[in-house]
Every structure is written in C-alpha cells, then in structure tokens.
Amino acid sequence: MIWIASGGCDGCTMSVLGAASPAIEDLLSGDLTDIPNIELVHPVMSLESGTRYLASLEAAARGEGDGFLLVVEGSLFDRRRAGEGSFSGLGERHGQPIPAEEWVSRLAPRAQAVIAIGTCATSGGIPAAQVM
Ligand code: SF4
C-alpha cells in the first residue's frame, strides 16, 4: 500500500494510527486471517526514508513489483497557483520539490485501486476553502 500525503493536516494518518479494529500494527504484522500481508509505504510511517523511500515510489511508478493500492490523503493542488514556489512535495529533483500531485499522476495508472481518504482528498477540504 502506497500512501501519498498532499495538502492536509495528516489527521487521516492519525485516524488510521488510532484505529482499533483492526489496529494498524495488526494489519502490518500479517497476523490477521484472510487479510494478506500489507507492506506500507508512507511518508511518515515507512521504515525507509530519503532515497530508499523515494526508490519505492519510483519502482511502483515504473510498474515494478507485485502491484499496490494507492491511498491519497489531502487535496491535490493546482501547481499553476504556486507561482515560483511550490505546494506539498515528496522528494526532490534537481533541487526542486517533486509535487505530491505528480506522484499521484504517475502512480494512479499503475495502482490496482486508488483510495481517496478524507474530505481533503475527496472534495478539496479546508485547503479548497474560499478566503473571505
Ligand atoms: S480530511 Fe483533511 S483536514 Fe480532515 S483529517 Fe484528513 S487531512 Fe486533515
């Protein structure tokens, strides 16, 4: 399972961490019957970081591996509104952040299923609110 976090508060991640039935550690341990073993690639919870974490994303985007579910947390930004800056990024390329929406664009066509979790991912949420 590849989890991409974009524009949000990470509260969806916190909700999953607080789930009790089943608990995330039970899902990841592979101890539950009738549920396949899950490897989680997550920007905060992955054991790997830096280039090794990004290598997992790159491999999945190339279609390598056994297939994956893609979970998107947070809203995906319109990068045209970033001006010379940037919004939510995961990793760097040539010294510039790689936008989260680029990862979603590359990974979604390869995923067996895509899950938008929370109102930020499904309808924009707070980042899409109008400024009064
Ligand atoms: S939907 Fe958005 S605001 Fe709500 S918990 Fe998830 S990331 Fe945070």
Side-chain angles (χ1 to χ4, degrees):
M1 179 183 295
I2 296 178
W3 184 299
I4 297 292
S6 186
C9 71
D10 293 337
C12 294
T13 289
M14 297 306 293
S15 295
V16 169
L17 283 173
S21 183
I24 186 73
E25 55 268 34
D26 292 334
L27 281 172
L28 298 179
S29 69
D31 290 341
L32 298 174
T33 56
D34 301 327
I35 296 180
N37 199 16
I38 297 173
E39 178 186 351
L40 180 61
V41 178
H42 187 284
V44 176
M45 292 190 278
S46 286
L47 296 178
E48 296 175 333
S49 62
T51 55
R52 294 187 65 175
Y53 164 77
L54 292 174
S56 298
L57 299 185
E58 286 288 354
R62 288 192 300 266
E64 299 172 6
D66 296 330
F68 61 93
L69 301 179
L70 177 64
V71 178
V72 180
E73 173 183 12
S75 53
L76 299 178
F77 292 113
D78 180 353
R79 72 177 84 168
R80 293 171 301 181
R81 295 185 171 201
E84 295 181 9
S86 63
F87 295 124
S88 190
L90 286 172
E92 287 186 355
R93 180 177 49 231
H94 310 304
Q96 297 296 317
I98 302 172
E101 63 268 19
E102 180 179 318
W103 285 116
V104 172
S105 295
R106 292 179 62 197
L107 291 166
R110 301 279 192 184
Q112 293 173 325
V114 180
I115 300 169
I117 186 169
T119 55
C120 290
T122 56
S123 62
I126 292 172
Q130 295 289 321
V131 175
M132 301 298 283

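Heavy atoms only: backbone and side chains are in, while hydrogens, waters and symmetry mates are out. Since the structure is predicted, the reported quantities are computational estimates derived from the model, not experimental observations. Nothing fancy with the numbering, it's 1 onward along the sequence. Whatever order the structure lists them in is the order used to number ligands and atoms, beginning at 1.
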* Asked: Which ligand 1 atoms, with their elements, are less than 4.0 angstrom from a heavy-atom of Gly118?
  -> 1 (S)
* Going by heavy-atom distance to atom 7 (S) of ligand 1, choose the closest among Ser123, Ser75, Cys9. => Cys9
* Report yes or no: does Cys12 have an N/O/S atom closer than 2.8 Å to atom 6 (Fe) of ligand 1? => yes
* Structure fact -> Counting from 1 in the order shown, the ligand 1 atoms closer than 4.0 Å to a non-hydrogen atom of Thr119 are 1 (S)
* Considering heavy atoms of the protein only, find what lies nearest to atom 2 (Fe) of ligand 1 and give residue, atom and distance to 0.1 Å. => Cys120 SG, 2.3 Å
* To do: Output the distance between atom CZ (Arg52) and atom CG (Leu47), rounded to the nearest 0.5 Å.
  => 10.0 Å
* **More than 12 heavy atoms from other groups under 6.0 Å of CD on Glu102** => yes
* From CA spacing to verdict: side-chain contact (heavy atoms from CB on, under 4.5 Å), Ile4, Leu57 -> CA-CA 10 Å; Ile4 297 292; Leu57 299 185; 4.2 Å; yes
* **Arg81, CZ atom: more than 12 neighbouring heavy atoms under 6.0 Å** => no
* **Whether over 12 other heavy atoms sit under 6.0 Å from Met45 CE** => yes
